A.B. asks: 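Sharing a structure with you now.
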Amino acid sequence: MEINFTFSDTIAGYVSNYNKNDRTFKLTTSDNREFTAYVSDNCFARYVRNLNEGYQDASGDMFKLLSMQNQMIFAYGSFYPVEGKSQGIFQVQWIVFPGKNPNSYRHEEPDWWVNQIDSIAQSYLKWQFEFPEKPIDYKIYRTMLHLGGAKKGDYLQETDTISRLIFGFASAYMLTGKDEFLEGAEKGTQYLRDHMRFYDMDEDIVYWYHGLKVEGEKETKLLTSEFGDDYDSIPMYEQIYALAGPTQTMRITGDPKIMYDIEKTLSLFERFFKDEKGEGYFSHIDPIMLDARTESLAHNRARKNWNSVGDHAPAYLINLFLATGDPEHAKFLEYTFDTITKYFPDYENSPFVQEKFFEDWSKDQSWGWQQNRAVVGHNLKIAWNLMRMNSLKSKPEYIDFAKKIAELMPKFGCDRQRGGWYDVLERETKPNGKNHEFVWHDRKAWWQQEQAILAYLILHGILKDDDYHKYASECAAFYNAFFLDNDDGGVYFNTLASGLPYLLGNERFKGSHSMSGYHSMELCFLSATYINLLITKQPLFLYFKPLPKAFKNNILRVSPDILPENSVFIEECYINDQLYYDFDADKLTVNLPETDKQIRVKVKISPRK
């Protein structure tokens with residue numbers, strides 16, 4: 001097809017052959033395609049800037065930076081057709097520089113992600129509770145938030161979105177030590193216990209309501225899901241994510257009430273969601289009989305999927321193990337990863353994993369919206385979490401599977417022209433088709449970028465493959481260049497393929513069924529962990545606030561994530577801002593003092609160089 005019209009777009013790539021006289025340079029994409037770019041007379045440039053930073057103009061440095069070989073940039077401009085030529089003229093109108101030198105990225109600064117999580121958490125405190133002018137009160141929490149954080153007017157409080165926000169606040173406290181974030185996490189956890197938790201005395205289990213409709217003083221509890229895909233059922237993923245925030249909070253405080261709820265919810269999983277006749281966990285149970293095989297579940301009857309098996313680890317189970325060191329939780333992790341490794345690869349048919357299954361693990365490729373389609377982020381999420389699990393219990397199949405995903409995804413799920421990662425694609429190409437087609441659009445969701453960044457950061461941090469570092473850097477650069485809302489705070493839900501924010505429908509919101517500060521703050525917490533401790537070899541400070549005698553044997557476990565053995569150690573420890581020496585540097589544990597008060601613990605985690 002001859003392109004004989006003008007259009008504007010972004011090219012991400014590496015600069016070479018800058019010519020001062022004719023204002024041109026070569027721009028080579030991530031997959032080594034070369035473009036000639038012309039700098040327009042009105043071209044301007046900026047550096048990537050973090051949330052809460054002012055605009056950082058790079059126009060004065062632009063030509064100096066373009067003269068540096070292999071300087072990475074995002075160049076936005078217009079394509080003009082040229083008669084008789086397949087490639088027209090690309091005239092650059094503005095440029096974003098991720099760093100001031102080749103192979104230099106601002107997102108690798110030691111405090112980049114700490115400052116970012118601080119800003120995001122402050123924004124959600126302000127939007128949801130009008131903090132600090134008013135106290136933190138979850139009664140006024142709302143699921144839906146406008147672009148600038150204003151309440152949309154709905155009265156639905158979803159359990160999972162509250163839990164995910166709690167996770168974000170708890171993670172922000174662990175990186176910053178700011179008490180308002182822990183207050184947000186603790187009050188949110190108590191609110192879930194008081195309003196969203198159901199204790200079944202007959203079965204001795206806990207399960208969590210879908211949500212709460214609040215109308216004045218009237219509360220209407222919604223037991224079953226309100227969403228079309230899961231309507232009138234209890235979905236496993238909702239129960240899983242109900243634990244995300246409380247578990248992360250429990251890592252900080254050791255609150256025994258949280259531990260009790262976790263244990264009783266795990267009992268729900270084992271007794272009612274687990275396939276005792278086969279393997280894995282079912283995706284839905286009915287609310288009356290708590291049975292996965294009930295006919296009333298319709299298209300969700302006796303089904304298994306990525307969420308029911310794979311989401312345990314990242315949502316709560318890894319953090320539960322980090323907090324307790326309990327070998328039973330390690331066995332649960334191993335069981336889920338063995339199941340994923342056994343059933344999800346389908347490489348003889350597709351470069352993407354299979355995500356939906358019937359009870360006997362045969363493929364379900366007719367379910368709802370998913371059909372025979374791939375969620376790019378789920379593939380990357382598997383690779384990321386396999387690498388975490390491999391540091392707990394190493395298995396060749398974990399590494400092989402993670403590396404297989406890491407090898408395939410850039411070709412099939414990444415936008416090598418503009419940067420960033422796509423959303424949902426067809427798992428198989430159509431007859432005579434070259435590309436896996438977009439299911440709905442070519443937009444890019446914030447959470448899919450998170451999965452890519454964390455996957456390639458941990459892959460590079462452990463395996464030291466430079467290609468992994470390249471993919472991590474390119475995606476983190478794209479995310480920080482285009483997803484940060486420097487006007488209203490927080491991050492955008494979606495961008496267009498070009499990186500420009502997409503602000504229509506539910507995708508313009510900062511709070512929704514899908515977005516609640518979880519992925520954006522998880523990204524900050526673990527990017528700081530992987531970059532500082534595994535890649536740039538810088539220390540990381542973490543904060544805890546244990547309740548008296550809350551942790552078993554009075555031992556506080558402070559590892560930020562499951563990392564390779566002997567890769568990090570405690571260099572310093574402070575209790576109530578005073579140096580404290582009773583800790584095991586290699587085991588990453590602190591022997592807490594006998595006290596009847598809640599204490600503040602600060603640890604300096606350092607990498608072994």
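Quantities reported herein were computed from a predicted structural model and do not represent experimental measurements. Counting begins at 1 with the first residue of the sequence.
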A.B. asks: Heavy-atom distance under 4.5 Å between the side chains of Leu320 and Met250, does that happen here?
C.D. replies: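 Yes, close enough: below the 4.5 Å cut-off.
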A.B. asks: Between Tyr241 and Arg164, is there a cation-pi geometry (under 6.0 Å to ring centre, at most 45° from the normal)?
C.D. replies: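 Flagged: Arg164 positioned over aromatic ring of Tyr241.
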A.B. asks: Please round to the nearest 0.5 Å and tell me the distance separating atom NZ of Lys545 and atom CG of Leu556.
C.D. replies: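 Spacing of NZ (Lys545) from CG (Leu556) equals 14.0 Å.
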A.B. asks: Output the distance between atom CZ (Phe412) and atom OH (Tyr422), rounded to the nearest 0.5 Å.
C.D. replies: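 Reported value, rounded in 0.5 Å steps: 13.5 Å.
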A.B. asks: Looking only at side-chain N and O atoms, does Trp208 offer a donor or acceptor that is under 3.5 Å from a partner on Asp160?
C.D. replies: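 Side-chain D/A pair, Asp160 to Trp208: absent.
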A.B. asks: Quick one: CG on Asp586 to CD1 on Ile570, what's the gap to the nearest 0.5 Å?
C.D. replies: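 Separation between the atoms: 9.0 Å.
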A.B. asks: Could you check whether Asp423 and Gln448, counting side-chain N and O atoms only, form a donor-acceptor pair closer than 3.5 Å?
C.D. replies: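 Judged by distance alone, the side chains do pair up.
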A.B. asks: With a 4.0 Å cut-off, would you call Asp137 and Lys139 a salt bridge?
C.D. replies: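 Looking at Lys139 together with Asp137, the answer is no, because their closest N to O distance does not fall below 4.0 Å.
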A.B. asks: Answer yes or no: is there a donor N or O on one side and an acceptor on the other, between the side chain of Asp286 and the main chain of Leu290, under 3.5 Å?
C.D. replies: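 The answer is yes, because a donor-acceptor pair under 3.5 Å joins these two groups.
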A.B. asks: Do Arg557 side-chain atoms and Thr324 backbone N/O form a donor-acceptor pair below 3.5 Å?
C.D. replies: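 Here the side-chain-to-backbone pair exists.
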A.B. asks: If you take all heavy atoms of Gly505 and Phe509, which pair is closest and at what distance?
C.D. replies: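 The pair with the smallest heavy-atom distance is O-CE1, 4.0 Å.
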A.B. asks: Please report whether the ring centroid of Phe167 lies less than 6.0 Å from that of Tyr316.
C.D. replies: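 That pair fails the under 6.0 Å test.
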A.B. asks: Would you tell me whether Thr220 and Glu215 have side-chain atoms, one donor and one acceptor, within less than 3.5 Å of each other?
C.D. replies: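 There is no such pair (donor and acceptor under 3.5 Å, judged by atom type) between the side chains of Thr220 and Glu215.
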A.B. asks: Spell out, as yes or no, whether a donor-acceptor pair under 3.5 Å connects the side chain of Asn379 to the backbone of Val353.
C.D. replies: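 Side chain of Asn379 to backbone of Val353: a pair is present.
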A.B. asks: Any side-chain heavy atom of Leu392 within less than 4.5 Å of one from Met389?
C.D. replies: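 Answer yes - side chains close enough.
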A.B. asks: Is a side-chain donor or acceptor of Ser308 paired with a backbone partner of Lys304 at a separation under 3.5 angstrom?
C.D. replies: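 Not a single qualifying donor-acceptor pair exists.
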A.B. asks: Taking Leu588's backbone N and O only, do any of them form a donor-acceptor pair with Ser559's side chain (distance below 3.5 Å, no angle check)?
C.D. replies: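 It does not hold such a pair.
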A.B. asks: Under the 3.5 angstrom rule, does the side chain of Tyr155 hit a backbone N or O of Arg142 as a donor-acceptor pair?
C.D. replies: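 Checked: no pair found.
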A.B. asks: Is any side-chain N of the basic residue among Glu276 and Arg271 closer than 4.0 Å to the acidic one's carboxylate O?
C.D. replies: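 Looking at Arg271 together with Glu276, the answer is no, because their closest N to O distance does not fall below 4.0 Å.
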A.B. asks: Can you tell me how far the OG1 atom of Thr589 sits from the CZ atom of Phe583, to the nearest 0.5 Å?
C.D. replies: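 Separation between the atoms: 10.0 Å.
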A.B. asks: Is it true that the side chains of Glu238 and Ser225 contain a donor and an acceptor less than 3.5 Å apart?
C.D. replies: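 Yes, because at least one side-chain N or O of Glu238 sits under 3.5 Å from a partner of the opposite role on Ser225.
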A.B. asks: Should the pair Phe269 and His312 be assigned to parallel (<30°), tilted (30 to 60°) or perpendicular (>60°) ring geometry?
C.D. replies: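 Taking His312 first and then Phe269, their aromatic rings stand perpendicular (interplane angle over 60°).
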A.B. asks: Contact between Val375 and Val424 at the side-chain level, heavy atoms closer than 4.5 Å - yes or no?
C.D. replies: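 The answer is yes; the side chains approach within 4.5 Å.
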A.B. asks: If only atom types and distance count, is the side chain of Ser512 paired as donor or acceptor with the main-chain N or O of Met515 below 3.5 Å?
C.D. replies: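 A pair under 3.5 Å: yes.
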A.B. asks: Rounded to the nearest 0.5 Å, how far does OH of Tyr530 lie from CH2 of Trp384?
C.D. replies: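 Spacing of CH2 (Trp384) from OH (Tyr530) equals 6.0 Å.
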A.B. asks: Can you tell me how far the OH atom of Tyr468 sits from the CG atom of Leu457, to the nearest 0.5 Å?
C.D. replies: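 Answer rounded to 0.5 Å: 13.5 Å.
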A.B. asks: For the residue pair Gln354 / Gln365, report whether a side-chain donor-acceptor contact shorter than 3.5 Å exists.
C.D. replies: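 Yes.
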A.B. asks: Is a donor on one side and an acceptor on the other found under 3.5 Å between the side chain of Asn300 and the backbone of Asp229?
C.D. replies: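 Answer holds: yes.
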A.B. asks: Under 3.5 Å, side chain of Thr143 to main-chain N/O of Glu158, donor-acceptor pair present?
C.D. replies: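 Answer holds: yes.
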A.B. asks: Could you walk me through whether Lys331 and Glu334 satisfy the salt bridge (charged side-chain N to carboxylate O under 4.0 Å, His left out) test, starting with their C-alpha distance in whole Å, then the side-chain angles of each, then the deciding distance to 0.1 Å, before giving a yes or no?
C.D. replies: CA-CA 5 Å; Lys331 289 179 183 178; Glu334 184 180 5; over 6 Å; no
A.B. asks: Under the criterion ring-ring contact (aromatic ring centres under 6.0 Å, His included), I'd like the reasoning laid out for Phe272 against Phe282: C-alpha separation, chi angles, the key distance, then a yes or no.
C.D. replies: CA-CA 9 Å; Phe272 296 101; Phe282 291 111; over 10 Å; no
A.B. asks: Name all pairs fulfilling the ring-ring contact (aromatic ring centres under 6.0 Å, His included) condition that reach into residues 215-239, sequence neighbours left out, sorted by first residue then second.
C.D. replies: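 Every pair satisfying ring-ring contact (aromatic ring centres under 6.0 Å, His included) with a residue in residues 215-239: His210-Phe227, Phe227-His513.
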A.B. asks: Would you say the side chains of Trp446 and Ser520 form a donor-acceptor pair under 3.5 Å?
C.D. replies: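 Result is no, nothing qualifies.
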A.B. asks: Please check if the number of heavy atoms outside Lys587 that lie under 6.0 Å from its NZ is greater than 12.
C.D. replies: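 Not buried by this count: 12 neighbours or fewer within 6.0 Å.
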A.B. asks: Set out, in order, the CA-CA distance, both residues' side-chain angles and the distance that settles side-chain contact (heavy atoms from CB on, under 4.5 Å) for Phe493 and Ser514, then state yes or no.
C.D. replies: CA-CA 9 Å; Phe493 187 106; Ser514 303; 3.8 Å; yes
A.B. asks: Which heavy-atom pair separates Asn494 from Ala445 by the least distance, and what is that distance?
C.D. replies: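 It is OD1-CA, 2.8 Å.
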A.B. asks: Looking only at heavy atoms, what is the nearest atom pair of Pro314 and Tyr518, with distance?
C.D. replies: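 Closest approach of Pro314 to Tyr518, heavy atoms only: O-OH, 3.7 Å.
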A.B. asks: Can you name the nearest heavy-atom pair linking Ser171 to Gln248, along with the distance?
C.D. replies: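 Taking Ser171 first and Gln248 second, the nearest heavy atoms are OG-NE2, 3.0 Å.
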A.B. asks: I want to check something: taking the side chain as every heavy atom from C-beta on, are Thr249 and Glu186 in contact at a cut-off of under 4.5 Å?
C.D. replies: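 Of all side-chain heavy-atom pairs linking Glu186 with Thr249, at least one is under 4.5 Å.
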A.B. asks: Just by distance, with hydrogens left out, do Glu270 and Tyr281 show a side-chain donor and acceptor under 3.5 Å apart?
C.D. replies: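 Per modelled atom types, Glu270 and Tyr281 side chains form a pair under 3.5 Å.
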A.B. asks: Side chains of Leu333 and Phe337, heavy atoms from C-beta outward: is any pair under 4.5 Å?
C.D. replies: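 Leu333 reaches Phe337 side chain to side chain.
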A.B. asks: Tell me which one of Tyr191, Tyr138, Tyr141 satisfies side chain to side chain donor-acceptor pair (under 3.5 Å) with Gln157.
C.D. replies: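 One option only clears the test, and that one is Tyr191.
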A.B. asks: Can Asp275 and Arg293 be said to form a salt bridge (charged side-chain N to carboxylate O under 4.0 Å, His left out), step by step?
C.D. replies: CA-CA 10 Å; Asp275 182 359; Arg293 298 180 178 90; 3.3 Å; yes
A.B. asks: Are the side chains of Val309 and Tyr335 in touch, meaning some heavy atoms are under 4.5 Å apart?
C.D. replies: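 Not touching, per the 4.5 Å side-chain cut-off.
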A.B. asks: Is the number of heavy atoms from other residues, nucleotides or ligands within 6.0 Å of NZ (Lys187) greater than 12?
C.D. replies: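 Counting other residues, nucleotides and ligands, NZ of Lys187 exceeds 12 neighbours.
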A.B. asks: Give the C-alpha distance, both sets of side-chain angles, the deciding distance and a yes or no for side-chain contact (heavy atoms from CB on, under 4.5 Å) between Phe358 and Arg303.
C.D. replies: CA-CA 5 Å; Phe358 293 104; Arg303 297 299 202 277; 3.4 Å; yes
A.B. asks: In a check of side-chain contact (heavy atoms from CB on, under 4.5 Å) between Lys395 and each of Leu386, Asp400, Asp338, Thr341, which one passes?
C.D. replies: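 Exactly one candidate clears the test, Asp338.
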A.B. asks: Under 6.0 Å from the six-membered ring centre of Phe198 and within 45° of its axis: does the NZ or CZ of Lys221 meet both?
C.D. replies: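 Lys221 over Phe198 ring: no.
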A.B. asks: For Ile166 and Pro246, which heavy atoms make the closest approach, and how far apart are they?
C.D. replies: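 Distance-wise, the nearest heavy atoms are CG2-N, 4.1 Å.
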A.B. asks: Using the side-chain contact (heavy atoms from CB on, under 4.5 Å) rule, take Leu165 and Ser516 through it: C-alpha gap first, then chi angles, then the decisive distance, then the call.
C.D. replies: CA-CA 5 Å; Leu165 183 59; Ser516 185; 3.5 Å; yes
A.B. asks: Charged N to carboxylate O under 4.0 angstrom, Asp346 versus Lys363?
C.D. replies: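 Yes.
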A.B. asks: What I want to check is whether the side chains of Gln370 and Arg373 have a donor and an acceptor closer together than 3.5 Å.
C.D. replies: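 Per modelled atom types, Gln370 and Arg373 side chains form no pair under 3.5 Å.
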A.B. asks: Counting distance only, does the side-chain N/O of Ser350 pair as donor-acceptor with the main-chain N or O of Arg427 below 3.5 Å?
C.D. replies: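 Pair found, side chain donor or acceptor close to backbone of Arg427.
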A.B. asks: Please list, chain by chain and in numerical order, all residues satisfying ring-ring contact (aromatic ring centres under 6.0 Å, His included) with Phe169, sequence neighbours excluded.
C.D. replies: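 Testing Phe169 for ring-ring contact (aromatic ring centres under 6.0 Å, His included), a comparison that skips the adjacent residues, returns none.
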A.B. asks: Please report the shortest heavy-atom distance between Ile240 and Asp311, naming the atom on each side.
C.D. replies: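 Scanning both residues, the minimum pair turns out to be CG2-O, 3.6 Å.
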